[in-house]
Amino acid sequence: MTELAKHYDHQAAQARCRGLWDSLRAWHAEAPAPGTPAGRVFSIVIPPPNVTGALHLGHALNNTLQDILVRARRMQGYRTLWMPGTDHAGIATQAVVERRLLEEEKLSRHDLGREALVARIWAWKEQYEKRILGQLRDLGASCDWDRTRFTLDEQCAAAVREAFLRLFKRGLVRRGKRLVNWDTFLQTAVSDDEVFHEEVKGHFWHIRYDVIDPQAGEPLSVTVATTRPETLLGDTAVAVHPDPAAALAGVEQELRAKRAAAAAKEQVAIDAALEDLAARRRDLLPLLETLARMARAGRQVRLPLLGRAIPLVADEWAKPELGSGCVKITPAHDPNDYDVGRRQSLPMINILEPNGTLNAEAGPYQGLTIKKARDRVVADLEAAGQLERVEDRLIELAHSDRSKTPIEPYLADQWFIRMAELAQPAIDAVASGRVRIYPDRYARGYLDWLSEKRDWPVSRQLWWGHRIPIWHVTGVTEGDLAAAFGGHDSIHWTSDGSGGWFVCSSAENLPTETVAGKALVRDPDVLDTWFSSALWPHSTLGWPAATPELAAFYPTSTLVTSRDILTLWVARMVIMGVFDTGEIPFHEVSIHPKILDRYGETMSKSKGNGVDPVDVIEALGADALRFALAGMATETQDVRMPVDFQCPACGHLVEQTTQNRTKPRLDCPKCGQPFRTQWATSEADLALPRGPAVSEKFEAGRNFSNKLWNATRFVLMALEGGEPVGPISADVVAHGELADRWLASRLASVAREASKAIDEYRYAELARILYGFAWDEFCSAYLELSKPRLADPATRDQARAMLVAGLDTILRLLHPIMPFVTEEIWQQLRVAAGDRRMPWDGPGPLSESIMQARWPTPPETWTDERTERQFGTFLAVVGAIREIRARQNVPPRTKVPAAIRAAADVADLLEPMRPAIESMATVELTALGPAAGGAAGATTATAAGCDVFVDLADLVDVDAEVARLEKDNAKTEGFIKAKRAKLGNETFTARAPEAVVSAERAQLAELEERLAKGEATLAALRTRKANAGG
RNA sequence: GGGCAGCUAGCUCAGUUGGUUAGAGCGCUACGUUCACACCGUAGAGGUCACAGGUUCGAAUCCUGUGCUGCCCA
C-alpha cells in the first residue's frame, strides 16, 4: 500500500468526501410510502440564511450544530431529514440592492420601477444563494440538497397565500391606522426590531404658543419645548397635567424614598432635585393649576406660524416636573403624542410625504425636506418672536437598521394580524412542555413576549416579498361579489368599513379583474418577511398539500437557533404552525450562543468584524472550524473570538481592531507587503493577495485532525503484513490484557457519554470528551502501550485488532463533529481492515461511507470500573518515573534502573505491565513488589500508593534534589496542618457525612506518610552529599 | 426603567445535585527531532474563582447587595 502523507491534507480530503457523499446521496431522506411506518424519524429545518450576503461565523456555528445532530441521528438509525434553504429577507435584501443601485448607478427604485427592481433583486438572490449553499457544502452540512427551498419560491408562496387566506377567513386580519417607523429612504415602514438608537447632538427649542383671548389672571402664552420644531406644523393640542400638584407630590415622594436608600454620594444629587422640585412648586405650580383649569374649560392656544387654533388639553403625559410642564402634541408623528391623541380624541395631521418631504398640511413649508423645514421653522419662529430660547442637547435618535437614515414616526394604514386568539396556543405549547427550549431559561422571554399579544403589523411598503393577497374594490354590492366569486373556496371578502370591500384569495391571481364593471385593485404592499419564515417548517414540507413528507417529518424534531430571534421567529413559527396544521412545528429548541469579536461586539457585516468561514475552511479545514465552533457552544454564554488577518506573504498575524477591520487593504507590519481584505472593491485592491481573517482558536481543531491522521498512519503501519483483522470478539474484551480491557471499558463509557451529550445538546462537552479520549487516552496511552506488544508475535494480532477497534469507534463518535477527516480515514480503514466488524454492526459489509455507519453502542459489559482504576495506577506509576527523569534532566533515551514498591495485590496487577512500564518510561525495572526498594539516596516519587525509586547514581544533581524535596515537604506540611485543623474541628466530624470525614482521615494519613518518606529521603541525600563533599 | 446572562490562569473558556490540593486549549519556561505525529513528546510555572456581606462543619458552586460587561424588552 502507499504510504500516507505525514500531514493530513484537508483540502484534498474535503473535495473527495463531498464527491463521495453526493454520489451516494447519503444526505437524502426519503419519505416512506403512504401507509408504511416511518420508523424512528429525526428532522430539522435549517434557519434559512438571508440572501442578503454571504455566511459568517455565526451561521457556521448554527449549521455545524445542526449537522452534528443530523449526522449522529442518521448513524443512530433514524430516518433523518435536514431541510435546507434560504430566506428572501424582504427589507434587508431590498435595502442592499437599492443602496448599490444608488451608489453605482445613481438610480432610485422609482427610476427603475417595480418589475425591474424585483428582477435585479432576483439576480442578487441567485448569486448569493449559490454562494451560501456553496459555503454550507464547504462546511460539510449534510442537508438534503435535493429539497432546497427558498422562502419566496412557488411552494412557499402557495403556503403563504393559503395561510393568509385562512387568517383572513377567521377575521384575524385587520386594516388599521398605526404610527409606524417610517424609513424615508426606503419609503417603507420598518418594524421596531429593525430600528436602532443612536445618540446625536441636537437642540431643545423652547417655543411660545399664545393663549387665545386670555382672561384676567391667565397667562398670555404657554411655552413648550421640542427637539423637532418642524413637527409643530402637525400639532393638534398642547397638554398640561390635569392635577399638577398631586403629580409633583408623587415625584417628591419617590425621590425621598430613593434618597433614604441611596449612598451618601448620590444623596447630594437627590437633594438638588428636591430643591428644584420645591422651587417648581413655588414658582410654576400656580401657573400649571391655572392652565389645567383652562384646559378643562376648553380654552385654546394659537399655533405659531400657521395660526391654527388648537386646544389646551389635560393629560397625564405632560410632566409638571420637566421643562415648562406643558407639552405640544403631534399625534401623527410621535408615539407618545399618538397615545394622547387617541385618549383626547384629537385630530391627527400627517405633515409628511412618504419620501420625507412636507406635504400640503405644512402650508408654506410644503415640499421642503425635514431638515430644511426645521431650519426655516426655527428662523420664522425667531423672526416672529415666538422662540424663547435654545439649548444644546444629546438626543437618542431612532435610525433604520437597513438604510441607516433617521426614522420618522408616521401614521399609515397597515395590515395587522390579531394575536389575542393566536398567541394562546403558542404560549400553552411551551408552558406545557410540548415544545421544550434548551436551556430552559429562555422559555421565559418567549412567554413574556407572547403574553403581551400585541397585534402583528404585517404589511411592508416594499417590492421584494410576498405580495399581500388582497384586492380592494368599491362601488359594488356583496351580491356582485357573490356572483363573481361565489363557490370559490379560495376567495373570501369582507367589508372595508366604508362601503368598499377587501377580497382575499389564496390563488396567485383572481379569476377576474373586475366585478360589476369595477376594477379590483391589488394591495401594493408585501408581507413582513417573518410571515413566510413563520411557515417554514410546514411550508418546506409541502403544506397545504398533504404530502408524504409532511406526514413523515412534521412536526420536526429540533430547531437549532441563536437566542436573539426566539420571539421574532421561533414564537411565530409555533403560532403559525399550530394555526395551520394543528400541531407544534418542533418538539425541541436548542439555543446556542452568539460569536462576538475581541471587544465583545456581535459580528456583523456593517461593523466589518465578521469572518468568512471559507477563510478558515481553506486555511485550516472545515473540521478545524467545526471542532472549534462545537467546542465553544456551551450553555451559558456568548463567545469571544479575537480575529487576526494572516499576511499572505509572510504568514504574520495582524490583530483585527476597530481601526483596521473595515479597511479594504492593509500593509503587513512585519514584511511590509500589502494584502486585501474581504472589503476590497477597487480593482487595485482586488489585485492584491487575500489576507484571510483567522483565529488561533481553530488551530486546535486542525492539530486534532492531524493527530487522528497520524494515529491512523501508525495503525496502518501496524496492520501491514499481518493477518487481516476480523470481527472484534467479546471474548477478547472479557479476557484480554489489562490494556485491552481498559480500552474497551473506556470506549463504552465514552460512547455513552457522547450519546448523552448529543441528546442534551451539550455540544462543547461532546467535543471535549472526544478530544480528551482520542488524544490523551487512545494516542498517548493505548497507542504507546501497543508498541512493545506489536513487536511481540504472541501479542501482535490482539493489539492490532484492538487498535483498529479503538480507532474505528473514535472515528464514528467524532464523525458528527469532524465529518471530513473521519470519512477520509474510514476510507483508508476500508482498504486495510475492511473485514473488521464491531459488535454494533449489522450483518453485511461495512458501509461505503462513515455517514452510513452505525453509531457505536458498546455493551454494558464492556464497562469495568476496576480495570479503569488499575489502569490509572499504571499510568500514575509511569508518570512518576517520567517526573523524576524530567526533574533530574535524564536524557530521554537513557535507560535507568528503577524499582517499584507496591502492595502485593497492586504488584500483581502491574506485573503484566512490566514491558509497558519499561517502554513508556524508558527504564529497566529491577524490582516490583512489597519489598522493593531503592539504593540509599535513590530519587523517589509516590503515585497511587506505590513508591517509585529511580537510582540515578551520578546523574543526580544533589543540591537541586535537596532543594526540591525541601519545598515539597514544606508544601505537604501545609496540607497536613490544614487537614488536622479540619479534623480537629468537632462540628465538622459531628456534622459532615461519615464518608467525607473518613476520606479526610485517609488523606491525612497519606499525607503524613508522604512527609515521612520525603524527610527520610532528604536525610539520606544530605548524608550522601556530606560524604561526597568529604 | 424591567428581565436574562456573564465576571474563574496572560488569552478564550469548562467546572454536572456545595465535599480531596479548581481544570482544558492556546500562550509561556525547560528539555527532546525517538521509529504515527514538531500541526509532536515529556515535565513545569501560572488562579484570594469581580467585590462585600450572609447561610453552612464546609462555598467558585446557595442567598442578599454592589460594581462592571453583554443581550432582550420597554
Side-chain angles (χ1 to χ4, degrees), chain A residues 3-8 10 192-193 263 335 439 441-442 444-446 448-449 452 562-568 593-594 596 598-602 620-621 624 627-628 631-632 634-642 695-718 756 760 762 764-765 767-768 771-772 775-776 779-780 783-784 786-787 790-791 803 878-879 881-893 920-922 971-972 974-975 978-979 982-983 985-993 995-997 999-1000 1002-1004 1006-1007:
Chain A
E3 176 92 358
L4 293 189
K6 215 168 164 182
H7 282 172
Y8 167 60
H10 61 265
D192 291 343
D193 322 301
R441 66 188 140 84
Y442 287 111
R444 183 165 172 182
Y446 170 100
D448 285 352
W449 185 82
E452 292 182 23
S562 163
R563 56 181 165 63
D564 45 358
I565 49 175
L566 194 61
T567 51
L568 290 179
K594 300 197 69 162
L596 311 175
R598 75 173 70 237
Y599 305 107
E601 296 177 27
T602 54
L620 300 168
F627 179 78
M632 294 188 299
T634 60
E635 290 199 341
T636 49
Q637 62 174 11
D638 294 339
V639 179
R640 283 192 195 210
M641 171 83 72
S695 164
E696 62 177 25
K697 302 215 85 160
F698 302 117
E699 284 173 23
R702 187 266 316 257
N703 295 352
F704 188 34
S705 298
N706 196 55
K707 187 74 177 176
L708 293 168
W709 182 250
N710 276 290
T712 305
R713 287 180 70 211
F714 175 84
V715 172
L716 295 187
M717 281 182 208
K756 188 159 174 272
E760 294 171 355
R762 299 165 71 101
E765 193 170 306
R768 206 171 43 244
Y771 180 88
W775 199 304
D776 298 332
C779 289
S780 295
L783 211 136
E784 288 304 324
S786 73
K787 287 177 181 174
L790 288 169
L803 279 171
V878 170
I881 302 174
R882 284 173 169 175
E883 189 199 324
I884 292 170
R885 298 178 60 101
R887 74 180 189 233
Q888 288 300 330
N889 285 320
V890 179
R893 304 214 60 176
M920 283 182 75
T922 327
K971 210 166 158 187
T972 309
F975 291 144
K979 285 273 181 261
K982 195 169 185 181
L983 284 161
N985 182 350
E986 273 178 38
T987 42
F988 170 69
T989 48
R991 297 202 191 187
V996 173
V997 177
E1000 290 287 321
Q1003 273 167 46
L1004 177 60
E1006 200 188 311
L1007 285 167

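Naming convention: chains lettered A, B, ... in sequence-line order (proteins, then strands); numbering from 1 in each chain. None of these values were measured; they are calculated from a predicted model.
- B/G18 sits 8 Å from B/C62 when the C1' atoms are compared, rounded to a whole Å.
- Note: CZ (A/Phe627) to P (B/C13) measures 16 Å, nearest angstrom.
- Nucleotides B/G27 and B/U16 place their C1' atoms 29 Å apart, quoted to the nearest Å.
- By the side chain to side chain donor-acceptor pair (under 3.5 Å) test, A/Ser562 pairs with A/Asp564, sequence neighbours left out.
- Scored by the salt bridge (charged side-chain N to carboxylate O under 4.0 Å, His left out) test, A/Asp776 finds no partners at all (sequence neighbours excluded).
- Each of A/Tyr8 and A/Asp448 lies near RNA chain B, and the nucleotide nearest A/Asp448 is the one positioned closer to the 5' end.
- With sequence neighbours excluded, no residue forms a salt bridge (charged side-chain N to carboxylate O under 4.0 Å, His left out) with A/Glu699.
- Atom CZ of A/Arg441 and atom C1' of B/G70 are 13 Å apart (whole Å).
- For the pair A/Asn703 CG and B/G41 P, the computed distance is 9 Å after rounding to whole Å.
- The shortest distance between side-chain heavy atoms of A/Cys779 and A/Lys707 falls below 4.5 Å.
- At whole-Å resolution of the value, CD in A/Glu1000 and C1' in B/U21 are 11 Å apart.
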Determine which bases of RNA chain B form Watson-Crick or G-U wobble pairs with both distances under 3.5 Å, and write the result as a 5' to 3' dot-bracket string with | for other-strand partners.
(((((((..((((.....[...)))).(((((.......))))).....(((((..]....)))))))))))).
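- Shown here are the ring pair (Phe, Tyr, Trp, His ring centres under 6.0 Å) partners of A/Phe714, two or more places apart in sequence or in another chain: there are none.
- Residues A/Val996 and A/Phe988 form a side-chain contact, since some pair of their non-hydrogen atoms from C-beta on lies under 4.5 Å apart.
- The same atom, P, is picked in B/C49 and in B/U8; the two are 11 Å apart, to the nearest Å.
- Residues meeting the side chain to side chain donor-acceptor pair (under 3.5 Å) test with A/Glu784, sequence neighbours left out: A/Lys787.
- With sequence neighbours excluded, no residue forms a salt bridge (charged side-chain N to carboxylate O under 4.0 Å, His left out) with A/Lys6.
- Comparing B/A74 with B/A14, their P atoms are spaced 29 Å from each other, to the whole Å.
- We find that CZ of A/Phe704 is positioned 12 Å from P of B/C40, with the value rounded to whole Å.
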List the protein contact pattern of nucleotides 29-38 of chain B with one symbol per nucleotide (5' to 3'): B for base contact, S for sugar-phosphate-only contact, - for none; contact means a heavy-atom distance under 4.0 Å.
---S-BBBBS
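- Separating the CG atom of A/Leu596 from the C1' atom of B/C71 is a distance of 9 Å, rounded to the nearest angstrom.
- Between A/Gly631 and A/Tyr771, the residue anchored closer to the 5' end of RNA chain B is A/Gly631, taking for each the nucleotide with the nearest heavy atom.
- A/Arg882 comes within 4.0 angstrom of the backbone, heavy atoms only, and of no base.
- For the pair A/Arg444 and B/C4, the criterion of a side-chain N or O lying under 4.0 Å from OP1 or OP2 is met.
- A distance of 11.0 Å separates CG in A/Asn703 from CG in A/Leu708, rounded to the nearest 0.5 Å.
- For A/Arg762, the side chain to side chain donor-acceptor pair (under 3.5 Å) test picks out A/Glu765, with sequence neighbours left out.
- Between A/Phe627 and A/Phe704, the ring-plane angle classifies as tilted under the 30° and 60° cut-offs.
- If you take CG of A/Asp776 and C1' of B/G23, they are 12 Å apart, rounded to a whole angstrom.
- Here, B/G2 and B/G46 have their C1' atoms 42 Å apart, quoted to the whole Å.
- The base of B/U20 is paired with the side chain of A/Gln1003 by a donor and an acceptor separated by under 3.5 Å.
- Between B/C40 and B/C35, the distance separating the two C1' atoms is 14 Å to the nearest Å.
- To the nearest angstrom, C1' of B/A24 lies 13 Å from CD of A/Glu765.
- For the P atoms, the distance linking B/C28 with B/C71 amounts to 32 Å, nearest Å.
- Using atom C1' as the reference point in both B/U20 and B/U66, the two lie 33 Å apart (nearest Å).
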